[in-house]
Amino acid sequence: MKKTLIALAAIGSLAVAGTAAAATGAELINSKGCGTCHAADTKKMGPSIKDIAAKNKPDAADKITANLKDGKGHPKVAASDAEIKQMVMYMITGK
């Protein structure tokens, strides 16, 4: 019985971790509040995602990620490095 409970707990933990990892760039942008300043195709307080994609290339992702993490030229983003990178790649490439 104890082994069964441990196995079920492990499976449950993996399912939760898998769900968190499966968030898309668009979902992260919405959940982290980026949509307050950035819209898909219209300028709000910040540039639209469409304009960001047109301006930046995928090789700029590391620099942009560092700026968002450190709060340089943009408010600091409260997210993990992986989440920030995923949001940046979504904004730059649409993926």
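This structure is a prediction, so every number in the text was calculated from the model and none was measured.
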### Where at least one partner belongs to residues 37-52, residue pairs that pass side-chain hydrogen bond (donor to acceptor under 3.5 Å, both in side chains), sequence neighbours excluded
Ser48-Asp51
### Task
Decide yes or no for Ile84 and Ile64: does some side-chain heavy atom of the first lie under 4.5 Å from some side-chain heavy atom of the second?
no
### Task
Keeping to residues at least two apart or across chains, list the side-chain hydrogen bond (donor to acceptor under 3.5 Å, both in side chains) pairs with something in residues 55-64.
Asp62-Lys85
### Partner residues of Ser31 under the side chain to side chain contact (heavy atoms under 4.5 Å, CB included) criterion, sequence neighbours left out
Leu28
### Task
Applying salt bridge (charged side-chain N to carboxylate O under 4.0 Å, His left out), name anything that partners Lys76, two or more places apart in sequence or on another chain.
none
### Task
Determine whether Lys69 and Asp81 make a side-chain contact, defined as any pair of heavy atoms from C-beta on separated by less than 4.5 Å.
yes
### Message
With side chain to side chain contact (heavy atoms under 4.5 Å, CB included) as the test, pick out the partner of Cys34 among Ile49, Leu68, Ile29.
### Response
Ile29
### Message
Which residues pass the side chain to side chain contact (heavy atoms under 4.5 Å, CB included) test with Pro58, not counting sequence neighbours?
### Response
Met89, Ile92, Thr93
## Note on the structure
Hits for side chain to side chain contact (heavy atoms under 4.5 Å, CB included) against Ala26, two or more places apart or cross-chain, chain-then-number order -> Thr24, Tyr90
### Summary
Output for pair (Gln86 CD, Ser80 OG), nearest 0.5 Å, gives 8.5 Å
